[in-house]
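Bear in mind that the values here come from a model prediction, so they are computed numbers and not experimental data. Hydrogens, waters and symmetry mates play no part in the numbers below; they use all other heavy atoms, side chains included.
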Amino acid sequence: MERHEIEVFLALAEELHFRRTSERLGLAQGRVSQTVKKLERRFGVPLFERTSRHVALTPVGKQLRDDLLPAQEQLLRAVDRAMAMGRGMTGLLRVGYSGSMIAETLLEVADAFRRRHPDCEVEIREVQLYDPFGPIRSGQLDVQVTEFPVDEPDLTVGPLVLSSPRALMVPAGHPFARRASVSLEDLAEATLIAVDGEAVPRYWLDHHYPRRTPSGAPVAHGPAPTYWTEVLNLVGLGRGVSPACVDAERYYARPDVIWVPFDDAPPIEYGFVWPTTGECARVRAFVDAFRTLGRRVGGRP
(Lines give C-alpha, C1' and ligand atoms only; values in the text may rest on other atoms or scores of the structure.)
Protein backbone atom coordinates (compact mmCIF):
# COMPACT_ATOMS: atom_id res chain seq x y z
CA MET A 1 0.00 0.00 0.00
CA GLU A 2 1.19 3.47 -0.84
CA ARG A 3 1.11 6.19 1.80
CA HIS A 4 -1.82 8.06 0.25
CA GLU A 5 -3.80 4.80 0.10
CA ILE A 6 -3.16 4.18 3.80
CA GLU A 7 -4.27 7.75 4.63
CA VAL A 8 -7.50 7.39 2.63
CA PHE A 9 -8.33 3.99 4.09
CA LEU A 10 -7.69 4.99 7.72
CA ALA A 11 -9.54 8.31 7.38
CA LEU A 12 -12.59 6.54 5.94
CA ALA A 13 -12.34 3.83 8.60
CA GLU A 14 -12.60 6.57 11.22
CA GLU A 15 -15.16 8.85 9.57
CA LEU A 16 -17.31 6.10 7.95
CA HIS A 17 -18.55 8.82 5.61
CA PHE A 18 -17.20 9.52 2.11
CA ARG A 19 -17.97 13.25 2.06
CA ARG A 20 -16.41 13.94 5.47
CA THR A 21 -13.38 11.88 4.47
CA SER A 22 -12.91 13.84 1.26
CA GLU A 23 -13.21 17.16 3.13
CA ARG A 24 -10.76 16.00 5.80
CA LEU A 25 -8.15 14.95 3.24
CA GLY A 26 -8.81 17.73 0.75
CA LEU A 27 -9.61 15.25 -2.01
CA ALA A 28 -12.52 14.90 -4.39
CA GLN A 29 -15.11 12.44 -3.13
CA GLY A 30 -14.69 10.40 -6.33
CA ARG A 31 -10.95 10.10 -5.63
CA VAL A 32 -11.67 8.61 -2.20
CA SER A 33 -14.13 6.11 -3.69
CA GLN A 34 -11.69 5.14 -6.48
CA THR A 35 -8.86 4.56 -3.97
CA VAL A 36 -11.02 2.27 -1.83
CA LYS A 37 -12.21 0.29 -4.86
CA LYS A 38 -8.61 -0.08 -6.04
CA LEU A 39 -7.59 -1.51 -2.66
CA GLU A 40 -10.52 -3.92 -2.63
CA ARG A 41 -9.62 -5.17 -6.11
CA ARG A 42 -6.02 -5.65 -5.02
CA PHE A 43 -7.00 -7.60 -1.88
CA GLY A 44 -9.85 -9.43 -3.56
CA VAL A 45 -12.26 -8.75 -0.69
CA PRO A 46 -14.55 -5.85 0.38
CA LEU A 47 -13.13 -3.57 3.07
CA PHE A 48 -16.33 -1.57 3.63
CA GLU A 49 -20.03 -2.33 3.56
CA ARG A 50 -21.70 0.69 1.98
CA THR A 51 -25.21 1.71 1.08
CA SER A 52 -26.74 5.10 0.30
CA ARG A 53 -27.17 5.68 4.06
CA HIS A 54 -24.53 3.59 5.73
CA VAL A 55 -20.79 2.88 5.62
CA ALA A 56 -19.22 0.24 7.88
CA LEU A 57 -16.02 -1.77 8.04
CA THR A 58 -16.13 -5.42 7.07
CA PRO A 59 -14.27 -7.91 9.32
CA VAL A 60 -11.32 -7.76 6.92
CA GLY A 61 -11.46 -3.98 6.95
CA LYS A 62 -11.44 -3.90 10.75
CA GLN A 63 -8.40 -6.18 10.85
CA LEU A 64 -6.57 -4.05 8.26
CA ARG A 65 -7.35 -0.90 10.24
CA ASP A 66 -6.03 -2.45 13.47
CA ASP A 67 -2.86 -3.59 11.73
CA LEU A 68 -2.21 -0.27 9.96
CA LEU A 69 -2.84 2.18 12.82
CA PRO A 70 0.36 1.38 14.79
CA ALA A 71 2.41 1.51 11.60
CA GLN A 72 0.95 4.88 10.65
CA GLU A 73 1.59 6.31 14.13
CA GLN A 74 5.20 5.12 13.98
CA LEU A 75 5.60 6.64 10.53
CA LEU A 76 4.20 9.99 11.66
CA ARG A 77 6.50 10.04 14.69
CA ALA A 78 9.48 9.33 12.45
CA VAL A 79 8.50 12.14 10.07
CA ASP A 80 7.92 14.59 12.95
CA ARG A 81 11.27 13.68 14.48
CA ALA A 82 13.09 14.17 11.18
CA MET A 83 11.41 17.54 10.67
CA ALA A 84 12.31 18.58 14.22
CA MET A 85 15.94 17.65 13.59
CA GLY A 86 15.87 19.63 10.37
CA ARG A 87 14.61 22.67 12.27
CA GLY A 88 17.18 22.17 15.04
CA MET A 89 14.46 21.42 17.58
CA THR A 90 16.22 18.47 19.21
CA GLY A 91 18.90 18.17 21.87
CA LEU A 92 19.71 20.20 24.96
CA LEU A 93 18.99 23.91 25.33
CA ARG A 94 20.90 25.53 28.22
CA VAL A 95 19.31 28.69 29.58
CA GLY A 96 20.87 31.04 32.14
CA TYR A 97 19.38 33.70 34.40
CA SER A 98 20.63 36.21 36.98
CA GLY A 99 17.53 37.02 39.03
CA SER A 100 15.17 34.88 41.11
CA MET A 101 12.09 36.67 39.77
CA ILE A 102 13.15 35.57 36.27
CA ALA A 103 13.93 32.00 37.35
CA GLU A 104 10.37 31.28 38.43
CA THR A 105 8.95 32.23 35.04
CA LEU A 106 11.79 30.52 33.15
CA LEU A 107 11.05 27.20 34.84
CA GLU A 108 7.37 27.37 33.93
CA VAL A 109 8.10 28.36 30.34
CA ALA A 110 10.67 25.54 30.11
CA ASP A 111 8.02 23.00 31.17
CA ALA A 112 5.65 24.26 28.48
CA PHE A 113 8.48 24.30 25.92
CA ARG A 114 9.33 20.66 26.66
CA ARG A 115 5.72 19.65 26.13
CA ARG A 116 5.64 21.46 22.80
CA HIS A 117 9.03 20.12 21.69
CA PRO A 118 9.46 16.71 23.38
CA ASP A 119 12.76 16.03 21.60
CA CYS A 120 14.31 19.18 23.09
CA GLU A 121 15.45 19.18 26.73
CA VAL A 122 15.86 22.45 28.67
CA GLU A 123 18.39 23.02 31.44
CA ILE A 124 18.13 26.14 33.65
CA ARG A 125 21.08 27.48 35.66
CA GLU A 126 21.96 30.66 37.54
CA VAL A 127 24.59 33.11 36.31
CA GLN A 128 26.54 35.12 38.88
CA LEU A 129 26.72 38.88 38.37
CA TYR A 130 30.49 39.00 38.90
CA ASP A 131 30.92 37.15 35.57
CA PRO A 132 27.72 37.88 33.66
CA PHE A 133 28.82 36.64 30.22
CA GLY A 134 31.49 34.08 31.08
CA PRO A 135 29.25 30.98 30.91
CA ILE A 136 27.62 31.96 27.63
CA ARG A 137 30.97 32.80 26.03
CA SER A 138 32.55 29.54 27.18
CA GLY A 139 29.74 27.50 25.63
CA GLN A 140 28.12 26.49 28.94
CA LEU A 141 24.90 28.31 27.95
CA ASP A 142 23.01 28.81 24.72
CA VAL A 143 20.92 31.79 25.81
CA GLN A 144 20.32 33.77 28.99
CA VAL A 145 18.10 36.40 30.55
CA THR A 146 20.16 39.17 32.09
CA GLU A 147 20.04 42.76 33.29
CA PHE A 148 20.35 45.34 30.54
CA PRO A 149 22.23 47.23 29.20
CA VAL A 150 24.26 44.76 27.16
CA ASP A 151 26.65 46.11 24.53
CA GLU A 152 28.97 43.24 23.59
CA PRO A 153 30.16 42.75 19.98
CA ASP A 154 29.90 38.96 20.15
CA LEU A 155 26.44 38.82 21.74
CA THR A 156 23.04 39.42 20.17
CA VAL A 157 20.61 41.38 22.31
CA GLY A 158 17.12 39.91 22.20
CA PRO A 159 13.78 41.25 23.38
CA LEU A 160 13.05 42.89 26.72
CA VAL A 161 11.05 40.50 28.92
CA LEU A 162 10.79 42.23 32.32
CA SER A 163 10.88 45.82 33.51
CA SER A 164 10.83 46.44 37.26
CA PRO A 165 10.88 49.77 39.16
CA ARG A 166 14.14 50.49 40.95
CA ALA A 167 14.45 50.64 44.74
CA LEU A 168 17.27 51.41 47.14
CA MET A 169 18.12 48.83 49.79
CA VAL A 170 19.10 50.64 52.99
CA PRO A 171 19.89 49.47 56.55
CA ALA A 172 16.85 49.42 58.83
CA GLY A 173 18.32 52.22 60.97
CA HIS A 174 19.34 54.47 58.07
CA PRO A 175 17.66 57.91 57.71
CA PHE A 176 16.48 56.91 54.21
CA ALA A 177 14.51 54.01 55.74
CA ARG A 178 11.93 56.48 57.07
CA ARG A 179 11.29 58.05 53.66
CA ALA A 180 8.51 57.21 51.26
CA SER A 181 10.98 57.45 48.36
CA VAL A 182 14.51 58.53 47.44
CA SER A 183 16.08 60.21 44.42
CA LEU A 184 19.28 59.62 42.49
CA GLU A 185 20.69 62.81 44.01
CA ASP A 186 20.33 61.21 47.46
CA LEU A 187 23.08 58.76 46.54
CA ALA A 188 25.59 61.55 47.20
CA GLU A 189 24.68 61.26 50.90
CA ALA A 190 25.32 57.51 51.15
CA THR A 191 27.94 54.87 50.51
CA LEU A 192 27.10 52.61 47.57
CA ILE A 193 27.77 48.89 47.70
CA ALA A 194 28.15 47.34 44.26
CA VAL A 195 28.78 43.84 42.98
CA ASP A 196 32.08 43.91 41.14
CA GLY A 197 34.41 41.60 39.27
CA GLU A 198 37.03 41.75 36.55
CA ALA A 199 34.54 40.42 33.99
CA VAL A 200 31.78 42.94 34.74
CA PRO A 201 31.61 45.58 31.95
CA ARG A 202 32.35 49.09 33.18
CA TYR A 203 29.36 50.55 31.30
CA TRP A 204 27.09 48.08 33.12
CA LEU A 205 28.49 49.06 36.52
CA ASP A 206 28.16 52.77 35.75
CA HIS A 207 24.52 52.24 34.76
CA HIS A 208 23.52 50.37 37.92
CA TYR A 209 26.05 51.75 40.41
CA PRO A 210 26.85 55.31 39.31
CA ARG A 211 29.84 57.22 40.63
CA ARG A 212 28.14 60.55 40.19
CA THR A 213 24.57 61.80 40.58
CA PRO A 214 22.74 63.38 37.61
CA SER A 215 23.90 66.83 38.83
CA GLY A 216 27.53 65.67 39.02
CA ALA A 217 27.89 65.14 42.78
CA PRO A 218 30.27 62.27 43.61
CA VAL A 219 28.86 59.01 44.96
CA ALA A 220 31.08 57.20 47.45
CA HIS A 221 31.58 53.48 46.87
CA GLY A 222 32.17 51.09 49.73
CA PRO A 223 32.95 47.36 49.78
CA ALA A 224 32.76 45.57 46.41
CA PRO A 225 31.51 42.04 47.10
CA THR A 226 31.56 39.24 44.56
CA TYR A 227 28.07 37.82 45.10
CA TRP A 228 24.80 39.73 45.23
CA THR A 229 23.78 37.96 48.45
CA GLU A 230 26.89 39.51 50.05
CA VAL A 231 25.47 42.91 49.10
CA LEU A 232 22.40 42.14 51.20
CA ASN A 233 24.56 41.17 54.17
CA LEU A 234 26.64 44.34 53.96
CA VAL A 235 23.56 46.54 53.68
CA GLY A 236 22.01 44.77 56.67
CA LEU A 237 25.21 45.41 58.66
CA GLY A 238 24.99 49.14 57.91
CA ARG A 239 27.99 49.31 55.58
CA GLY A 240 26.08 51.15 52.85
CA VAL A 241 23.12 51.12 50.45
CA SER A 242 22.54 49.40 47.13
CA PRO A 243 19.98 49.57 44.30
CA ALA A 244 17.81 46.63 43.30
CA CYS A 245 14.57 46.01 41.44
CA VAL A 246 11.34 46.25 43.43
CA ASP A 247 10.22 42.78 42.30
CA ALA A 248 13.22 41.20 44.03
CA GLU A 249 12.05 42.21 47.50
CA ARG A 250 9.65 39.28 47.85
CA TYR A 251 12.57 36.88 47.31
CA TYR A 252 15.16 38.62 49.49
CA ALA A 253 13.18 40.48 52.18
CA ARG A 254 14.82 40.54 55.61
CA PRO A 255 14.17 42.64 58.75
CA ASP A 256 17.49 44.51 58.70
CA VAL A 257 17.08 45.77 55.11
CA ILE A 258 14.44 48.28 53.97
CA TRP A 259 13.51 48.68 50.31
CA VAL A 260 12.79 52.33 49.47
CA PRO A 261 11.53 53.08 45.94
CA PHE A 262 13.26 55.66 43.75
CA ASP A 263 11.06 58.46 42.43
CA ASP A 264 13.28 59.36 39.47
CA ALA A 265 15.41 56.34 38.53
CA PRO A 266 14.81 54.31 35.37
CA PRO A 267 13.50 50.76 35.83
CA ILE A 268 15.76 47.74 35.85
CA GLU A 269 15.22 45.86 32.61
CA TYR A 270 15.84 42.21 31.81
CA GLY A 271 16.12 40.66 28.38
CA PHE A 272 17.57 37.83 26.34
CA VAL A 273 21.12 37.62 24.99
CA TRP A 274 22.82 34.83 23.06
CA PRO A 275 26.07 34.35 21.12
CA THR A 276 25.76 35.92 17.69
CA THR A 277 27.43 32.89 16.13
CA GLY A 278 25.30 30.47 18.16
CA GLU A 279 21.79 31.52 17.16
CA CYS A 280 19.70 28.48 16.28
CA ALA A 281 16.10 27.33 15.97
CA ARG A 282 16.00 26.17 19.61
CA VAL A 283 17.07 29.59 20.87
CA ARG A 284 14.59 31.47 18.67
CA ALA A 285 11.75 29.11 19.62
CA PHE A 286 12.47 29.43 23.35
CA VAL A 287 12.65 33.22 23.19
CA ASP A 288 9.32 33.29 21.34
CA ALA A 289 7.81 30.91 23.90
CA PHE A 290 8.95 33.12 26.77
CA ARG A 291 7.50 36.23 25.14
CA THR A 292 4.17 34.43 24.63
CA LEU A 293 3.90 32.36 27.82
CA GLY A 294 5.85 34.56 30.20
CA ARG A 295 3.09 37.14 30.27
CA ARG A 296 0.63 34.47 31.41
CA VAL A 297 2.68 32.60 34.01
CA GLY A 298 4.35 35.56 35.68
CA GLY A 299 6.52 38.58 35.18
CA ARG A 300 5.83 42.15 34.29
CA PRO A 301 6.28 42.72 30.52
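Taken to the nearest 0.5 Å, the CE atom of Met1 stands 5.0 Å off from the CD1 atom of Ile6. If you take CD on Glu189 and NE2 on His174, they are separated by 8.5 Å, rounding to the nearest 0.5 Å. Residue Thr21 holds its OG1 atom at 12.5 Å from CD of Glu7, rounded to the nearest 0.5 Å. Separating the OG atom in Ser100 from the CG atom in Asp247 is a distance of 12.0 Å, to the nearest 0.5 Å. Within the model, atoms CD of Glu198 and OG1 of Thr226 stand 10.0 Å from one another, a figure rounded to the nearest 0.5 Å. Here the CG atom belonging to Leu57 is positioned 11.5 Å from the CD atom belonging to Gln63, to the nearest 0.5 angstrom.
Transitive grouping of hydrophobic side chains (ILVMFWY, heavy atoms separated by less than 4.5 Å) brings Tyr251 and Met169 into a common cluster.
Within the 4.5 Å cutoff, the side chain of Leu237 has no heavy atoms near those of the Pro171 side chain. The shortest distance between side-chain heavy atoms of Tyr97 and Val127 does not fall below 4.5 Å. Between Val150 and Phe272, the closest side-chain pair of non-hydrogen atoms is not below 4.5 Å. Taking 4.5 Å as the limit, every side-chain heavy atom of Phe18 sits out of range of all side-chain heavy atoms of Phe48. Leu64 is listed as a side-chain neighbour of Phe9, based on a closest heavy-atom distance under 4.5 Å. The shortest distance between side-chain heavy atoms of Val60 and Pro46 does not fall below 4.5 Å. Within the 4.5 Å cutoff, the side chain of Asp264 has no heavy atoms near those of the Ser181 side chain. Contact annotation: the side chain of Met101 approaches that of Cys245 to within less than 4.5 Å [non-hydrogen atoms, C-beta and beyond].
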Practice problem: Please report the C-alpha distance between Leu192 and Leu187 in whole Å, then the side-chain angles of each, then the deciding distance to 0.1 Å, and finally whether the side chain to side chain contact (heavy atoms under 4.5 Å, CB included) criterion is met. | Solution: CA-CA 7 Å; Leu192 203 60; Leu187 294 179; 4.1 Å; yes
Quiz prompt | ring pair (Phe, Tyr, Trp, His ring centres under 6.0 Å) between His207 and Tyr203, worked out | solution = CA-CA 6 Å; His207 178 83; Tyr203 67 83; 9.0 Å; no
Practice problem: Evaluate the salt bridge (Lys or Arg N to Asp or Glu O under 4.0 Å) criterion for residues Arg166 and Glu147: first the C-alpha distance (whole Å), next the side-chain angles of each, then the deciding distance (0.1 Å), finally the verdict. | Solution: CA-CA 12 Å; Arg166 196 176 301 249; Glu147 293 87 350; over 6 Å; no
Practice problem: For side chain to side chain contact (heavy atoms under 4.5 Å, CB included), just list the numbers for Val109 and Phe286, CA-CA rounded to whole Å, side-chain angles, deciding distance to a tenth of an Å, and then say yes or no. | Solution: CA-CA 8 Å; Val109 171; Phe286 189 85; 4.2 Å; yes
Practice problem: Report the C-alpha separation of Trp228 and Ser98 in whole Å, then their side-chain angles, then the decisive distance to 0.1 Å, and conclude whether the side chain to side chain contact (heavy atoms under 4.5 Å, CB included) test is met. | Solution: CA-CA 10 Å; Trp228 195 81; Ser98 56; over 6 Å; no
Quiz prompt | Val273 and Thr156: CA distance, side-chain angles, deciding distance, side chain to side chain contact (heavy atoms under 4.5 Å, CB included) verdict | solution = CA-CA 5 Å; Val273 298; Thr156 294; over 6 Å; no
Exercise. Start with the C-alpha distance between Gln144 and Arg94, add both sets of side-chain angles, then the distance that settles side-chain hydrogen bond (donor to acceptor under 3.5 Å, both in side chains), and finish with yes or no.
Key: CA-CA 8 Å; Gln144 75 181 65; Arg94 299 159 301 177; over 6 Å; no
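Considering only residues two or more places apart in sequence or on other chains, Asp154 meets the side chain to side chain contact (heavy atoms under 4.5 Å, CB included) condition with Arg137, Glu152. Ala172 pairs by the side chain to side chain contact (heavy atoms under 4.5 Å, CB included) definition with Ile258, not counting sequence neighbours. Scored by the side chain to side chain contact (heavy atoms under 4.5 Å, CB included) test, Asn233 finds Arg254 as partners (sequence neighbours excluded). Remark: Trp204 engages His208 in a ring pair (Phe, Tyr, Trp, His ring centres under 6.0 Å) (not counting sequence neighbours). Considering only residues two or more places apart in sequence or on other chains, Arg115 meets the side chain to side chain contact (heavy atoms under 4.5 Å, CB included) condition with Asp111, Ala112.
Closest of all the heavy-atom pairs between Pro153 and Thr276 is O-OG1, 4.3 Å. Nearest heavy-atom pair, Arg211 versus Arg202, reported as atom, atom and distance to 0.1 Å: NH2-NH1, 4.3 Å. Scanning both residues, Ile193 and Val231, for their nearest heavy atoms gives CG2-CG1, 4.1 Å. Nearest heavy atoms, Pro214 versus Leu184: CD-CB, 3.7 Å. Across all non-hydrogen atoms, the minimal contact from Val241 to Ala190 is CG2-CB, 3.7 Å. Between Leu141 and Val95, the shortest heavy-atom contact is CD2-C, 3.9 Å.
Taking the six-membered ring for Trp and the full ring otherwise, Trp259 and Tyr252 have centroids separated by 6.0 Å or more. Taking the six-membered ring where the residue is Trp, the centroids of Tyr270 and Phe148 are separated by 6.0 Å or more.
A salt bridge does not link Glu185 with Arg212: every distance from a Lys NZ or Arg NE/NH1/NH2 to an Asp or Glu carboxylate oxygen is 4.0 Å or more. A salt bridge between Arg42 and Glu5 is present, with a side-chain N of the basic residue lying under 4.0 Å from a carboxylate O of the acidic one. We find that Arg65 and Glu14 are not joined by a salt bridge, their nearest charged nitrogen and carboxylate oxygen being 4.0 Å or further apart.
Of the possible polar contacts, none joining the His117 side chain to the Cys120 backbone as a donor-acceptor pair under 3.5 Å is found. Side-chain atoms of Glu40 come within 3.5 Å of backbone N or O of Leu47 as a donor-acceptor pair. In this structure a side-chain-to-backbone donor-acceptor pair under 3.5 Å is present from His221 to Pro210. Between the Arg114 side chain and the Val122 main chain, a donor and an acceptor come within less than 3.5 Å of each other. Judged by distance alone, with hydrogens and angles left aside, the side-chain atoms of Glu230 form a donor-acceptor pair with the main-chain N or O of Tyr227 at under 3.5 Å.
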Enumerate, atom names and distances included, each donor-acceptor pair closer than 3.5 Å involving a side-chain atom of residues 29-39, sequence neighbours excluded.
| residue | atom | partner | partner atom | Å |
| --- | --- | --- | --- | --- |
| Thr35 | OG1 | Arg31 | O | 2.9 |

